[in-house]
Undergrad: 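Pasting in a structure now, in C-alpha cells, and then I'll have a few things to ask.
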Amino acid sequence: MKILRSILHMTKSLLLYEWNDKRVIMGFLTGMTVPFFWLKNFLNYVVSTGEPVNILEAFLVVEHEYKTVMFLVLGWFLIVSDAPFINGNTCYCLYRTKKRNWNLAMAFYILAQAALYTAAVALPMVLASLPWSFAGEMWSNPVYILSQDYNMNRSAAYGISFLQQDLMRGMNVPEAFAATALCFFLYLVLMGLILYTCNLLLGGIWGIVIAFIVHVGGFELPFSGHAGLALMEYARPGNFADSGGVHLGQPVAVMAILAAVLVMVECIFIDKVDFKEEVQG
C-alpha cells in the first residue's frame with residue numbers, strides 16, 4: 001500500500017508539473033479543435049435534415065470518420081513527446097524509491113493524461129451539438145439515414161460519413177459512446193507507451209519516430225489489405241461490429257495486452273537506464 005501511495009504521489013506531481021508546460025496545453029487545445037472540421041460538417045448535415053440527434057452521436061460519428069483518429073493523435077504526441085518526463089525532481093524521486101516504481105508512476109501518468117485527453121476530445125463535441133440534440137438511448141433518424149449512405153451521396157455533399165449499421169444494431173447510443181471512448185483511450189495509452197518505451201530505452205528521438213511510423217502505418221495498412229496489423233483500426237469499435245454484434249473484446253484485449261507487454265519491457269530494462277545522462281541531456 002505504501003508503494004502504491006508513492007507511485008500515485010509521483011504521478012500527481014508529474015501531472016501538476018507537466019500542466020505548466022505550454023507543449024501540454026497546446027496538445028490539449030489541438031485535440032479539442034481538430035475534430036471541429038468534421039463536427040461542422042456533421043452539424044451542417046443535421047441542420048439540413050431539420051431533425052435532432054442524440055447528444056452523444058456527434059462524438060461517435062466524428063470519431064468513426066476514418067481520417068479523424070489520424071489527426072487527433074497528433075495532439076497526444078505533442079503531450080507525451082517529452083517522454084521519459086525527466087525533470088529536476090526525477091533524481092530526488094529515484095533516491096527515495098526504486099526505478100521500477102518510478103517507471104510505473106510514468107505509466108500511470110500516461111493513463112491519466114490519456115483519460116483527460118479523451119474527455120477533452122469528446123466533451124466539446126457534446127457541448128457543440130446541444131442546440132440540435134436530445135438525451136437518451138435511441139439513435140436518431142439523421143444518423144440512421146447517414147449509416148445507409150452506401151452510395152456516398154451525403155458524404156460527398158456534407159463531408160461526413162458513418163457507415164456503422166452493425167454498431168447501431170449491436171449497441172444503443174450510450175453503450176456505443178462508452179465503447180468508442182474506451183477504444184480511443186486505449187489507443188492513446190498504447191501510442192504513449194510506445195513513444196515512452198522507445199525514448200526511455202533507445203534515447204534521442206526514436207520514440208516519437210517509431211510511434212509516428214506505427215500510427216501512420218495504421219492509416220496506410222488497411223488500403224494494402226493488412227487491416228489486422230493496423231493498430232489505428234482498433235481505436236474504432238465499429239470496425240469490429242458485424243451482424244452478430246459488436247466484438248469489443250478483441251480490440252480491448254489486443255491493446256491492453258500490448259500495453260502490458262510494453263510496461264513489462266520497461267520494468268525489465270529500467271535498471272540499465274542512466275538517468276544522470278538523461279538529466280544532463
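Reckoned from all heavy atoms, side chains included, excluding hydrogens, waters and symmetry mates. Each residue takes its place number in the sequence, starting with 1.
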Undergrad: Can you confirm whether Val173 sits close enough to Met138 that some side-chain heavy atom of one is under 4.5 Å from a side-chain heavy atom of the other?
TA: no

Undergrad: Tell me yes or no: between the side chains of Thr197 and Glu266, is some donor less than 3.5 Å from an acceptor?
TA: yes

Undergrad: Would you compute the distance between atom CG of Leu182 and atom CG of Leu248 and round it to the nearest 0.5 angstrom?
TA: 6.0 Å

Undergrad: Taking NZ, NE, NH1 and NH2 as the nitrogens, is one of them in Glu18 or Arg23 under 4.0 Å from a carboxylate oxygen of the other?
TA: yes

Undergrad: Measure the acute angle between the ring planes of His215 and Phe77, then classify it against the limits of 30° and 60° as parallel, tilted or perpendicular.
TA: perpendicular

Undergrad: Does a sphere of radius 6.0 Å around NE2 in His247 hold more than 12 heavy atoms from other residues, nucleotides or ligands, not counting ones at 6.0 Å or beyond?
TA: yes

Undergrad: With heavy-atom distances below 4.5 Å as the criterion, would you say the side chains of Leu186 and Val252 are in contact?
TA: yes

Undergrad: Return yes when atom CD1 of Ile205 has more than 12 non-hydrogen atoms of other residues, nucleotides or ligands closer than 6.0 Å, and no otherwise.
TA: no

Undergrad: Could you tell me whether the side chain of Asp149 and the main chain of Arg154 form a donor-acceptor pair under 3.5 Å?
TA: yes

Undergrad: Stepwise, does the side-chain contact (heavy atoms from CB on, under 4.5 Å) test hold for Ser129 with Glu57?
TA: CA-CA 9 Å; Ser129 63; Glu57 285 178 325; over 6 Å; no

Undergrad: Leu200 and Asn103: side-chain contact (heavy atoms from CB on, under 4.5 Å), yes or no, with the steps?
TA: CA-CA 10 Å; Leu200 181 70; Asn103 178 69; 3.9 Å; yes

Undergrad: Quick one: does any side-chain atom of Asn44 pair with a main-chain N or O of Lys40 as donor and acceptor, under 3.5 Å?
TA: yes

Undergrad: Would you say the ring centers of Trp19 and Phe28 fall short of 6.0 Å from each other?
TA: yes

Undergrad: Are the side chains of Leu258 and Leu262 in touch, meaning some heavy atoms are under 4.5 Å apart?
TA: no

Undergrad: Mind checking whether Leu127 and Leu43 sit in one hydrophobic cluster, side chains of I, L, V, M, F, W, Y counted as touching below 4.5 Å?
TA: yes

Undergrad: Rounded to the nearest 0.5 Å, how far apart are CD of Gln148 and CD of Gln165?
TA: 5.0 Å

Undergrad: Would you call the rings of Tyr45 and Tyr158 parallel, tilted or perpendicular, where under 30° means parallel and over 60° means perpendicular?
TA: perpendicular

Undergrad: Can you classify the ring geometry of Tyr117 versus Trp76 as parallel (below 30°), tilted (30 to 60°) or perpendicular (above 60°)?
TA: tilted

Undergrad: Do Tyr234 and Tyr187 have ring centroids that are under 6.0 Å from one another?
TA: no

Undergrad: Please tell me if the side chains of Val143 and Met168 come closer than 4.5 Å, counting only heavy atoms from C-beta onward.
TA: yes

